[in-house]
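Every number for a ligand or one of its atoms is a count from 1 in the order of the listing. Bear in mind the structure is a predicted one, so any value in this text is a computation, not a measurement.
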Amino acid sequence: MKKDISWDKIKPETKTIWAGESESFPYNTTQPSTVNSVAFNYNSIDEWMDVAKGRKEGHIYGRNTNPTVEILEKKIAVLEGAESATAFSSGMAAISNTLFANLKPGDRVIVGKDTYGGTSKIFMEYLPKFNIETVFCDTTNIKIFQKEIEKKCNLLYLETPTNPTLKLQDIQKLSKLAKISKSLVVVDNTLATPINQNPLKLGADVVLHSATKFLCGHSDALGGVACGDSQIIDKIFHFREINGACLDPNPAYMILRGMKTLALRMKRHNENALELASWLSKHKNIANVFYPGLSSHKGYSVAKSQMSGFGGVLSFSIKDESMIEDFISNLRFAHAAAHLGSLDTIVGPPKTTSHVENTSEERSKLGIPENLIRCSVGIEHIDDIKNDFDKALSGL
Ligand SMILES: *Cc1c(COP(=O)(O)O)cnc(C)c1O
């Protein structure tokens, strides 16, 4: 394999398999290995110093860098079209490290409404402790946003589509306005994945992922990642080195392996979710369906302009809240769990899943109805998924 590949013209399906792996591995293995060693040995102090000072490639200590983790970082960077990436122990670690590495007392942050529950907790509770002002803004309304950004903004934080009501944020438009105030634009791309959406190409500075979700895809490893220009990623990486939220090589390997089928899985997730969403929207026991691929969805035109697929997550409200429990227990091929982005279909109400950390008052403020069910549509056959949902819904 050649070392220097220009990835620009290579398709995502090929990138998922080859990116980061184009260099030869020790023992001529064709596949990367899990390197568990915490420390790396040097026979010459000079060489050790060169590595420590970054003059030569290599590794010193596992909290700083690790060869397996590095392959994962290269793969995701190529997929996002980023110069660089750095990995973390979880998605929340990627989010909190990015925020704390870039913000200082006196700064003002604008956050798109209804971000992931853990994320909104950082903005509501932890950043204000350090005298960082956080403003929850309806970023789907450009006029409201423009007024806020004109006051002051050091960092704009977006999640699109949002979890769990799948609101769309116009990354290009919002980034353009944010740049006028020299604000850093951070986008959580977990729900879309780099297969469906590349925020850096739309003007964002940093893209974040919970690698625990679609990137891993098999519900068996936790991880997170931040991607962007080398300069900004170095800054986040140096904070992570000290903060200690590094990704362990074992989950790194599992995420790496999961990512090889990312393009294939996303194609199926996109198809299944779109079909289930249109089918649910015609069902008599369903009040509302939220999915960016439905032309009735508020963010449909934005979704069409910035996404190449609409993703595997949808949510819907059952007409009667008291039916939620029966519906969920009637399903045969779905886990009731606080998770998304896996091979298997997963359902759960936000009050027990993404927004369990919030009070019902906070949830209502974030526009999340109590009768909502979030569904991460798996890659099972769509006929079986629909049949299962039909049976569970008709039993109500
Ligand atoms: C799950 C999730 C996170 C948090 O990721 P963890 O890996 O669980 O820490 C952040 N953002 C979104 C959109 C998520 O779905």
Side-chain angles (χ1 to χ4, degrees), residues 69 72 76 80 85-100 111-124 126 139 157-169 171 186-197 199 204 206-227 240 243-248 250-252 254-255 258-259 266 269 273 290 292 299 307 310-315 335 337-342 346-358 366 368 372 374-377:
V69 174
L72 172 67
I76 181 79
E80 282 293 8
T86 189
F88 299 86
S89 51
S90 71
M92 282 313 303
I95 295 165
S96 56
N97 276 258
T98 299
L99 294 172
F100 284 103
V111 193
K113 261 188 183 174
D114 85 341
T115 49
Y116 178 74
T119 309
S120 53
K121 208 76 185 167
I122 298 183
F123 289 117
M124 282 177 192
Y126 294 101
T139 38
Y157 189 94
L158 301 171
E159 204 181 294
T160 182
T162 63
N163 177 0
T165 53
L166 290 304
K167 290 203 184 86
L168 266 289
Q169 322 269 2
I171 301 173
V186 179
V187 177
D188 180 335
N189 202 28
T190 300
L191 261 69
T193 80
I195 302 301
N196 287 331
Q197 176 173 278
V206 181
V207 173
L208 302 175
H209 282 281
S210 165
T212 317
K213 310 294 170 58
F214 290 104
L215 298 187
C216 172
H218 294 69
S219 296
D220 50 10
L222 280 160
V225 67
C227 316
R240 192 218 69 194
N243 162 296
C246 53
L247 178 62
D248 203 63
N250 287 291
M254 292 166 88
I255 296 165
M259 279 184 69
M266 288 319 294
H269 282 300
F290 303 92
M307 301 178 83
F310 303 112
V313 180
L314 56 89
S315 62
H335 291 297
H339 190 37
L340 62 88
S342 187
I346 304 167
V347 294
K351 63 179 166 193
T352 62
T353 57
S354 60
H355 288 70
V356 67
E357 342 248 344
N358 305 111
L366 295 167
I368 301 164
L372 196 73
R374 186 184 69 195
C375 176
S376 176
V377 188

Main chain of [Y], side chain of [X]: is a donor-acceptor contact present, judged purely on distance under 3.5 Å?
| X | Y | answer |
| --- | --- | --- |
| S210 | T190 | no |
| N189 | Q197 | yes |
| T162 | E159 | no |
| T160 | Q169 | yes |
| S315 | P164 | yes |
| S376 | G341 | yes |
| R240 | A87 | yes |

Can you confirm, on distance only, whether ligand 1 has an N/O atom lying under 3.5 Å from any N/O atom belonging to [X]?
| X | result |
| --- | --- |
| D188 | yes |
| S210 | yes |
| M92 | yes |
| G91 | yes |

Give me the nearest non-hydrogen protein atom to [atom] as residue plus atom name, then the distance to 0.1 Å.
| atom | answer |
| --- | --- |
| atom 14 (C) of ligand 1 | K213 NZ, 3.0 Å |
| atom 7 (O) of ligand 1 | T212 OG1, 2.6 Å |
| atom 4 (C) of ligand 1 | Y116 CE2, 3.5 Å |

Does T115 approach ligand 1 within less than 4.0 angstrom via side chain, backbone, both or neither, non-hydrogen atoms only?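 It is neither part, as no heavy atom is under 4.0 Å.
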If the cut-off is 4.0 Å to any non-hydrogen atom of [X], which atoms of ligand 1 fall inside it?
| X | result |
| --- | --- |
| N163 | 15 (O) |
| I95 | 10 (C) |
| E159 | 13 (C) |

